Every structure is written in structure tokens, then in C-alpha cells.
Amino acid sequence: MLAEEFQQKLYQHHIELSQKQIQQFEHYYKLLIEWNQNINLTAITDKNEVYLKHFYDSVALAFSVNLDKKASICDIGSGAGFPSIPLKIVFPELKITIVDSLNKRINFLHTLVKELGLTEVYLFHDRAENFGQDLKNRASYDYVTARAVARLDVLCELCLPLVKKNGYFYALKAAKSQEELTEAQKAIAILGGKFIEDKQLILPNTQDERNILVIEKTKETPKKYPRKPGLPNKKPIR
């Protein structure tokens with residue numbers, strides 16, 4: 001996907017990028033490739049693929065679900081900033097919090113946020129388990145996102161404690177897995193969530209499938225969740 005095609009595809013979804021936003025995406029790509037030479041940020045480095053599989057794929061959340069463009073979003077395990085930073089570029093009034101366990105990635109994001117001139121982006125070097133137990137963070141966000149970080153039952157324990165009641169957790173997955181959804185049903189219920197739907201979309205050009213699992217927070221998460229670091233992965237709620 002060429003940068004011009006990226007702009008055209010967003011325009012088809014009633015998103016018109018300004019010259020500043022176009023330049024921000026271009027600078028994002030350059031910084032991503034520059035930093036990727038020293039730390040592992042992405043296996044995708046071809047410019048057309050970055051625009052399609054990172055930038056477009058991230059922004060697609062906004063036209064797949066009813067996203068409040070002034071909401072607060074917590075992005076767990078964001079890596080190089082996906083999906084939250086492309087969303088922030090397109091919708092500058094979003095309030096973004098990113099949590100990542102690798103300080104090198106957080107350092108990249110600090111540089112990225114500064115050079116792109118983004119405001120109201122808060123970066124935390126922390127484990128999601130610890131972050132979710134902090135009372136300043138629990139039930140604090142309109143939306144929580146996670147993109148291909150772990151299996152759904154694990155993600156629910158890391159993410160649902162952070163979602164406000166009546167807010168949403170969006171799990172961004174490459175492919176649909178009924179097995180993964182089925183095994184997560186117990187975790188969703190225990191953690192205060194309700195599975196709403198699987199929003200499916202197809203990426204342009206490649207026809208790659210993407211799935212956004214929509215989970216509403218309907219009640220408070222029990223205080224013992226998330227459990228101590230590493231335990232959700234070792235012993236998922238099933």
C-alpha cells in the first residue's frame with residue numbers, strides 16, 4: 001500500500017488526513033526503520049507493508065467499531081506503538097496510555113512522541129499485571145487495546161481490569177479462532193466482561209483477514225486480578 005493509497009483508503013471511510021498528519025506518518029516510518037536496526041521493533045520493514053499492515057491495520061479499528069474520538073485508550077504491549085499511535089495521529093484528541101514491559105521500546109516511543117509532536121500520550125515501562133493492580137489505573141480507561149500479544153484468556157486478565165465499567169476491550173487478532181474464543185469464555189465472565197462480537201475485516205491488496213474481538217466491561221473485575229506477573233500466561237483462567 002503506497003502512502004497515497006493509504007490516504008485514499010482512509011478517505012473512503014470519511015477520514016481526511018491533513019498535510020501535517022501525512023508528514024507524521026512518513027516520519028513515523030523513517031524512525032521505525034532507523035530504530036529497528038538496533039532493537040527489534042518489527043519484522044515488517046517494507047514501506048508499503050508498514051503502511052498496510054501497521055498503519056492501516058491500526059486505524060481500521062476506528063471504522064470497525066464505534067470509537068469515541070475523544071476517549072482514553074490504554075494500549076497493552078504496544079511494541080512500536082500499534083494500534084494506539086496511528087490512531088492518535090488520525091484523532092489528535094484521543095488520550096493514549098501505552099504499557100510495555102521492554103524499556104527499549106518505551107525509549108523508542110518517547111522519541112517518536114516527541115518528534116511527531118504528540119500530546120496526551122503517556123508511556124509506562126511496566127508489566128501489565130503490575131499496572132493493572134495499581135489503583136490509579138484500574139477501571140480508568142474507556143477502551144483497552146491489545147494487538148496479537150497473547151491468547152485471549154490471558155489478554156482478558158491483563159486488560160479487563162483496566163477498562164471502565166461500560167467501556168470496551170478490543171483484542172486485535174490476525175485470524176479468527178473459535179477455539180481461542182471458547183476457552184476464554186470463563187475468563188471473560190470472571191473478569192467482568194461480556195463478549196459482544198467478532199468484527200471481521202479484510203486488508204486491501206493482500207486480502208489478509210483481521211478480527212477485532214469486542215468485549216464490554218459490564219461489572220467490576222475482582223480485586224485479585226490480574227495475578228502476579230507471569231501467572232496469567234502460566235495458568236490462564238479456564
Side-chain angles (χ1 to χ4, degrees), residues 1-7 9-10 22-62 64 73-90 96-116 118 121 123-128 144-155 158-159 170-177 179-180 199-213 230 232-233:
M1 174 178 279
L2 298 172
E4 293 77 11
E5 186 183 1
F6 172 69
Q7 298 164 39
K9 290 295 183 183
L10 294 193
I22 292 168
Q23 291 170 351
Q24 284 175 317
F25 276 111
E26 186 68 17
H27 195 40
Y28 193 168
Y29 171 72
K30 290 178 180 177
L31 282 174
L32 179 67
I33 298 307
E34 178 185 325
W35 277 68
N36 201 57
Q37 294 175 12
N38 298 312
I39 63 172
N40 182 25
L41 292 172
T42 177
I44 299 171
T45 56
D46 176 79
K47 187 173 183 179
N48 291 351
E49 289 205 356
V50 168
Y51 267 84
L52 175 63
K53 296 181 179 180
H54 284 326
F55 296 166
Y56 181 87
D57 189 27
S58 294
V59 178
L61 176 63
S64 300
I73 297 178
C74 184
D75 193 4
I76 297 297
S78 175
F82 309 118
S84 54
I85 297 296
L87 286 168
K88 175 67 177 179
I89 293 172
V90 173
I96 302 296
T97 297
I98 293 175
V99 182
D100 200 280
S101 61
L102 189 62
N103 201 38
K104 289 181 179 179
R105 289 196 286 256
I106 293 295
N107 288 338
F108 164 73
L109 292 170
H110 274 296
T111 300
L112 180 68
V113 166
K114 181 180 179 180
E115 294 204 15
L116 296 188
L118 304 177
V121 178
L123 306 171
F124 292 90
H125 172 223
D126 203 354
R127 293 287 298 257
V144 176
T145 59
R147 184 174 181 253
V149 176
R151 292 183 72 83
L152 185 59
D153 49 6
V154 176
L155 288 178
L158 300 181
C159 297
Y170 299 120
L172 283 65
K173 295 284 186 176
K176 182 178 181 180
S177 172
E179 176 191 356
E180 191 172 340
K199 300 284 288 189
Q200 297 180 328
L201 61 104
I202 302 296
L203 290 185
N205 305 336
T206 65
Q207 303 305 303
D208 289 346
E209 180 182 320
R210 292 291 185 267
N211 291 265
I212 300 170
L213 304 178
N233 271 299

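All values reported here derive from a predicted model rather than from experimental measurement. The figures here come from the full heavy-atom set of this structure, side chains too, leaving out hydrogens, waters and symmetry mates.
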Asks: Run the side-chain contact (heavy atoms from CB on, under 4.5 Å) test against I22 and tell me which residues pass, sequence neighbours left out.
Replies: Q7, L17, Q19

Asks: Drop me the distance from I212's CD1 to Q200's CD, to the nearest 0.5 angstrom.
Replies: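 With rounding to 0.5 Å, CD1 (I212) is 10.5 Å from CD (Q200).
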
Asks: Compare every heavy atom of S101 with every heavy atom of R127, then report the nearest pair and how far apart it is.
Replies: CD-CB, 3.9 Å

Asks: Go through N211 and K199 one step at a time and tell me if the side-chain contact (heavy atoms from CB on, under 4.5 Å) criterion holds.
Replies: CA-CA 6 Å; N211 291 265; K199 300 284 288 189; over 6 Å; no

Asks: For the residue pair A150 and L155, what are the closest heavy atoms and their distance?
Replies: O-CD1, 3.3 Å

Asks: Do L118 and I85 have side chains that approach each other closer than 4.5 Å (heavy atoms only, starting at C-beta)?
Replies: yes

Asks: Which heavy atom of M1 sits nearest to which heavy atom of P204, and what is that distance?
Replies: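 Answer, listing the atom of M1 first, then P204: CE-CG, 3.9 Å.
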
Asks: Does the side-chain contact (heavy atoms from CB on, under 4.5 Å) test come out yes or no for D208 and K53, once each step is laid out?
Replies: CA-CA 9 Å; D208 289 346; K53 296 181 179 180; 3.8 Å; yes

Asks: Of the options V121, L61, I96, which is the one that meets S84 in a side-chain contact (heavy atoms from CB on, under 4.5 Å)?
Replies: I96

Asks: Who passes side-chain hydrogen bond (donor to acceptor under 3.5 Å, both in side chains) against K9, sequence neighbours left out?
Replies: none

Asks: Grab the two heavy atoms, one from D100 and one from G79, that are nearest each other, plus how far apart they are.
Replies: OD2-N, 3.0 Å

Asks: Using side-chain hydrogen bond (donor to acceptor under 3.5 Å, both in side chains) as the criterion, list what pairs up with H27, not counting sequence neighbours.
Replies: E115

Asks: For the residue pair F6 and Y56, does the interplanar ring angle fall in the parallel (under 30°), tilted (30 to 60°) or perpendicular (over 60°) class?
Replies: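 Because their plane-to-plane angle is over 60°, the rings of F6 and Y56 count as perpendicular.
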
Asks: Which distance, rounded to the nearest 0.5 Å, do you find between the OG1 of T42 and the CD1 of I33?
Replies: 7.0 Å

Asks: Can you list everything that forms a side-chain contact (heavy atoms from CB on, under 4.5 Å) with D153? Sequence neighbours excluded, please.
Replies: R151, E183, A184, A187, P236, R238

Asks: With sequence neighbours left out, what residues match I39 under side-chain contact (heavy atoms from CB on, under 4.5 Å)?
Replies: W35, L41, K104, F108

Asks: On a heavy-atom basis, which atom in V154 and which in P232 lie closest, and how many Å separate them?
Replies: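 Taking every non-hydrogen atom into account, CG2-O, 3.5 Å.
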
Asks: Enumerate the salt bridge (Lys or Arg N to Asp or Glu O under 4.0 Å) contacts for residues 30-47, please, sequence neighbours excluded, ordered by first and then second residue.
Replies: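 Only E26-K47 qualify under salt bridge (Lys or Arg N to Asp or Glu O under 4.0 Å).
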
Asks: Kindly give the heavy-atom pair with the smallest separation between V99 and C74, and that separation in Å.
Replies: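 The pair with the smallest heavy-atom distance is CG2-SG, 4.0 Å.
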
Asks: Show the numbers, then the answer: is there a side-chain contact (heavy atoms from CB on, under 4.5 Å) between H54 and R147?
Replies: CA-CA 10 Å; H54 284 326; R147 184 174 181 253; 3.4 Å; yes

Asks: Under the ring-ring contact (aromatic ring centres under 6.0 Å, His included) rule, collect the residues that match up with Y28, sequence neighbours excluded.
Replies: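 Listed in chain order: F55, F82.
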
Asks: Nearest 0.5 Å please: distance from the CG atom of L31 over to the CG atom of N36.
Replies: 12.0 Å

Asks: Does the pair L52 and N48 meet the rule for a side-chain contact (heavy atoms from CB on, under 4.5 Å), with working shown?
Replies: CA-CA 6 Å; L52 175 63; N48 291 351; over 6 Å; no

Asks: For T145, which residues count as a side-chain hydrogen bond (donor to acceptor under 3.5 Å, both in side chains) partner, sequence neighbours excluded?
Replies: D75

Asks: Could you work out, with side-chain contact (heavy atoms from CB on, under 4.5 Å) as the rule, every residue matching N103, not counting sequence neighbours?
Replies: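 Result, side-chain contact (heavy atoms from CB on, under 4.5 Å) vs N103: I106, N107, H125.
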
Asks: Quick one: ring-ring contact (aromatic ring centres under 6.0 Å, His included) partners of F124, sequence neighbours excluded?
Replies: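 Counting only residues at least two positions away or on another chain, F124 forms a ring-ring contact (aromatic ring centres under 6.0 Å, His included) with F131.
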
Asks: Which value, rounded to the nearest 0.5 Å, describes the distance between I44 atom CD1 and D57 atom CG?
Replies: 8.5 Å

Asks: Could you list the residues that satisfy side-chain hydrogen bond (donor to acceptor under 3.5 Å, both in side chains) with N205, not counting sequence neighbours?
Replies: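 Listed in chain order: E5.
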
Asks: Quick one: pull up CG in L109 and CD1 in I98 and give me the separation to the nearest 0.5 Å.
Replies: 5.0 Å

